[in-house]
Amino acid sequence: MTKKVHLDHAHLLHLLKAMIRIRHFEAKCVELYQAQKILGFLHLYDGEEAVSVGVMEALTPEDAIIATYREHGQALARGVDPKCLMAEMMGKLNGCCRGRGGSMHFFDRKRRFYGGNAIVGGGLPLALGVALADKMQRRSAVTACFFGEGAVDEGEFHETLNLAKLWRLPILFVCENNLYSMGMAVERAEADIDFVHKASGYRVAGEKVDGMDVVAVESAARNAIDRIRRENDPYFLECRTYRFRAHSMFDAQLYRSKEEVEAWRKKGPILRFQTWLEANRLIKPEEIAAMEKEIDVEIAEAVAYAEAGGLEPISELERFVTMDEVPA
Amino acid sequence: MNAPEPTLTPNRMTYREASKQALREALLSDPRVFLMGEDIGRYGGCYAVTKGLLEEFGEERIRDTPLSESAFVGAGVGTAMAGMRPIVEIMTVNFSLLALDQILNNAVTIPHMSGGQFAIPLVIRMATGGGRRVAAQHSRSLEGWYAHIPGLRVLTPATVEDARFMLKGALADPNPVIIFEHVMLYNMEGDFPSDMKEVDIARAKVRRAGRDVSLITYGGSLFKALQAADALSSEGIDAEVIDLRTLRPLDTKTIIDSVARTRRCIIIDEGWRSGSISAEVGMRIAEEAFFELDAPLRRVCSREAPIPYAAHLEDACLPQAATIVAVARELIRPS
Ligand SMILES: Cc1ncc(C[n+]2csc(CCOP(=O)(O)OP(=O)(O)O)c2C)c(N)n1
Ligand SMILES: [Mg+2]
């Protein structure tokens, strides 16, 4: 029984807008990086937007998210305020983590966004815990655990899948398979590149989905979440996708050809969805123009908010090394 | 491991039994508390600390885990972030290395890195130390390593009283706490005042007052230091023994006050000497009480080698009362 995604006009526009928001937000981040207002690493999600946008559509506010370090898209799609994210990128006190985490470590307690994690695979065990806590407290929430296919190389992946199944935890494993972990092509890293098959080795059911097709991702995620809630069991989604840009800002991309990147760009999630909407006259060019304008205003506001933000006083550097209480 | 000894009287028992009673009390008093670890349930705990708890509290709260230190410690972190009060047991500190990523990169980092959005009220218990003839991979003392990490509280109960009550303090702390239980202490008997309900986990303690030299130690070395102090007293040397109890944050004041009284100090630490907690204690004394000292600081630590199986070699590796006595003699009556 497949659940149909409600493809009414408003929803289609919403999906497109969510993806374009991520794309434009990151384009602005690149500018700010070049202007040295954003420092350190900058891992762009360019090309992978459909994955987060599709999966987040299937989640409720009660559900939880474990993110990766390439999590700008995951956070924006979850509805974390772009203002706080931009301020965080710029290391400002009004950022979502007071400027302490930066690009790779967005947290938002209110949205049950349990953090970007820069240790590849390090978030997977946390997903076990969040899901177990929900289960023990008789909440029906699902935990969506995002990770790149590189995390599958790590022992933590295997320990986590086994325990998730053993304890029947409500976890949606979202493997963002963009075919590379830094410069390591997936077939050079994994003896078996069929990740759904690997998950089945732990008796975790799963499927592959075209991660460049936002509707396909949403539909698969909705079915997966229904199944997790119904059967009290984890589920594994392998989203086939591609990163259009360099791994980070320090990457000469010696490991792949320009032609390969170009070929994937033609299958890009925004291009593809927008072209389809236009071809089927589901959206008018002026609607797209208006949408892009709205997004750009939103991002300009985010930048202004970040620019206006102060810096955390150095006297607070050690604050929260230990907590005085558990936040309610 | 033998069955735990029965409680002798309500306030006299073994260290093992005290640790178990502490766990029972925690499980009874807070429904958010649960235990997780390898062989804590059906097997009864590799040191028999959790024996009987599965029968009493059931499988949901006494969770046997597979051999996945990273996953179940990380699961502990996640449950703590989402409203539970997990107590995770790692069989021994040696195996905690497989969970170091979760402890350091997640448990102690997330509160600060998230700008204070999340606390991690997680307690991890593990056995530590040598002396059981089980060779290098089962005999390490790495509590000093853990004490290097800001954001952690590191407890080393060395007495039955602390085994019985430190857990309560650990659970009241909204931060990750590691409790190191020295393997040679589980069978030790001791008592505590019958009206005792809790202990202060922030302070070091003078376990024996003395005038001539401060023996500063913790965990499994406490009783060696006390033995040494007894031997020294028969030679007319009056040693004070300080039990650090909490390696992080260190109670510097108690240390400095003691050294200011005795003006001589030996630090006894089962960790390796280089870069150890003994080095930290010594340096704090050097920074804050240099002019109080009448003699150079001295240390008795483990020999810098993996701990061997053969009994004579293991004994030679670890700090011993006789060594402490010899160093104290030399310090007080230089030849
Ligand atoms: C444990 C660990 N090892 C190595 C790294 C360095 N590193 C950062 S990103 C990355 C590749 C991760 O690839 P993948 O999980 O596929 O995510 P993607 O970058 O493709 O989104 C590596 C090796 C790291 N951050 N953590
Ligand atoms: Mg990848």
Side-chain angles (χ1 to χ4, degrees), chain A residues 64 66 88 93 95-102 105-110 112 114-115 117-119 121-137 139 141 143 154-164 166-167 169 312 317-327, chain B residues 31-34 36 59-61 63-86 88 98-102 104-122 149-153 172-177 248-249:
Chain A
I66 303 288
E88 187 62 26
L93 181 56
C96 60
C97 302
R98 306 165 71 90
R100 288 152 171 228
H105 307 290
F106 293 159
F107 287 79
D108 187 348
R109 184 187 180 84
K110 280 204 296 291
R112 300 205 78 197
Y114 286 91
N117 203 308
I119 306 298
L124 282 136
L126 296 182
L128 290 173
V130 172
L132 177 59
D134 284 337
K135 186 172 174 166
M136 290 181 81
Q137 292 167 98
R139 296 191 287 246
T143 297
E154 297 281 0
E156 288 185 321
F157 170 86
H158 299 271
E159 293 187 5
T160 299
L161 256 77
N162 179 55
L163 257 173
L166 193 70
W167 287 354
L169 297 177
E312 180 161 32
L317 185 64
E318 276 105 7
R319 191 165 167 209
F320 309 126
V321 169
T322 53
M323 300 285 288
D324 298 331
E325 58 184 10
V326 178
Chain B
R32 299 170 304 176
V33 169
F34 72 103
M36 182 157 56
E59 290 200 334
E60 187 165 49
R61 297 183 75 197
R63 292 187 166 256
D64 273 323
T65 66
L67 302 174
S68 303
E69 284 80 5
S70 194
F72 70 74
V73 171
V77 178
T79 52
M81 288 174 84
M84 301 296 286
R85 291 293 183 274
V88 175
L98 283 84
L100 211 45
D101 170 44
Q102 290 300 324
L104 177 51
N105 283 317
N106 285 339
V108 300
T109 301
I110 287 173
H112 186 265
M113 194 165 67
S114 68
Q117 292 183 69
F118 294 95
I120 316 278
L122 163 70
I149 304 173
L152 262 188
R153 183 184 287 279
D173 189 327
N175 301 291
V177 179
R248 186 178 189 106

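In what follows, chains carry the letters A, B, and so on, assigned in the order in which the sequence lines appear, proteins first and then strands, with residues in each chain numbered from 1.
Residue A/L166 touches chain B through its side chain alone, counting heavy-atom pairs closer than 4.5 Å. Contacts between A/L161 and chain B at a heavy-atom distance below 4.5 Å are absent for every atom of the residue. For a residue to count as touching a neighbouring chain, one of its non-hydrogen atoms must lie under 4.5 Å from one of that chain's; by this rule B/P150 touches chain A with backbone and side chain alike. For A/R112, the part sitting under 4.5 Å from any heavy atom of chain B is the side chain, from C-beta outward, and nothing else.
Residues B/P66 and A/N162 share a closest heavy-atom pair of CG-ND2, 3.9 Å. Nearest heavy atoms, A/G129 versus B/T79: O-CG2, 3.1 Å. Closest non-hydrogen pair, B/R85 versus A/V326, comes out as NH2-CG2, 3.8 Å. The two residues B/M84 and A/A133 have their closest heavy-atom pair at CG-CB, 3.7 Å.
Judged as a ring pair (Phe, Tyr, Trp, His ring centres under 6.0 Å), and not counting sequence neighbours, the contacts of A/F157 are A/F147. Residues meeting the ring pair (Phe, Tyr, Trp, His ring centres under 6.0 Å) test with A/F320, sequence neighbours left out: none.
Chain B forms more heavy-atom pairs under 4.5 Å with one residue of A/D324, A/D134, A/L132 than with any other, namely A/L132. In terms of non-hydrogen atom pairs under 4.5 Å with chain B, the most contact-rich of A/G122, A/G101, A/G99, A/C96 is A/G122. Ranked by heavy-atom pairs under 4.5 Å with chain A, the first of B/N106, B/T109, B/V77 is B/N106. Between chain A and the options B/A80, B/P86, B/P111, heavy-atom pairs under 4.5 Å are most frequent for B/P111.
Atoms CG and CD, from B/L67 and A/E159 in turn, are 9.0 Å apart once rounded to the nearest 0.5 Å. We find the CG-CD1 distance between B/D101 and A/I119 to be 5.5 Å, quoted to the nearest 0.5 Å. Between the CD1 atom in B/I110 and the CG atom in A/N117 there is a gap of 6.5 Å [rounded to 0.5 Å]. Rounding to the nearest 0.5 Å places CZ of B/R61 at 7.0 Å from CE of A/M136.
Proximity of A/L126 to B/Q102: side-chain heavy atoms (C-beta onward) are separated by under 4.5 Å at one or more points.
Of the possible polar contacts, one joining the A/R109 side chain to the B/Q117 backbone as a donor-acceptor pair under 3.5 Å is found.
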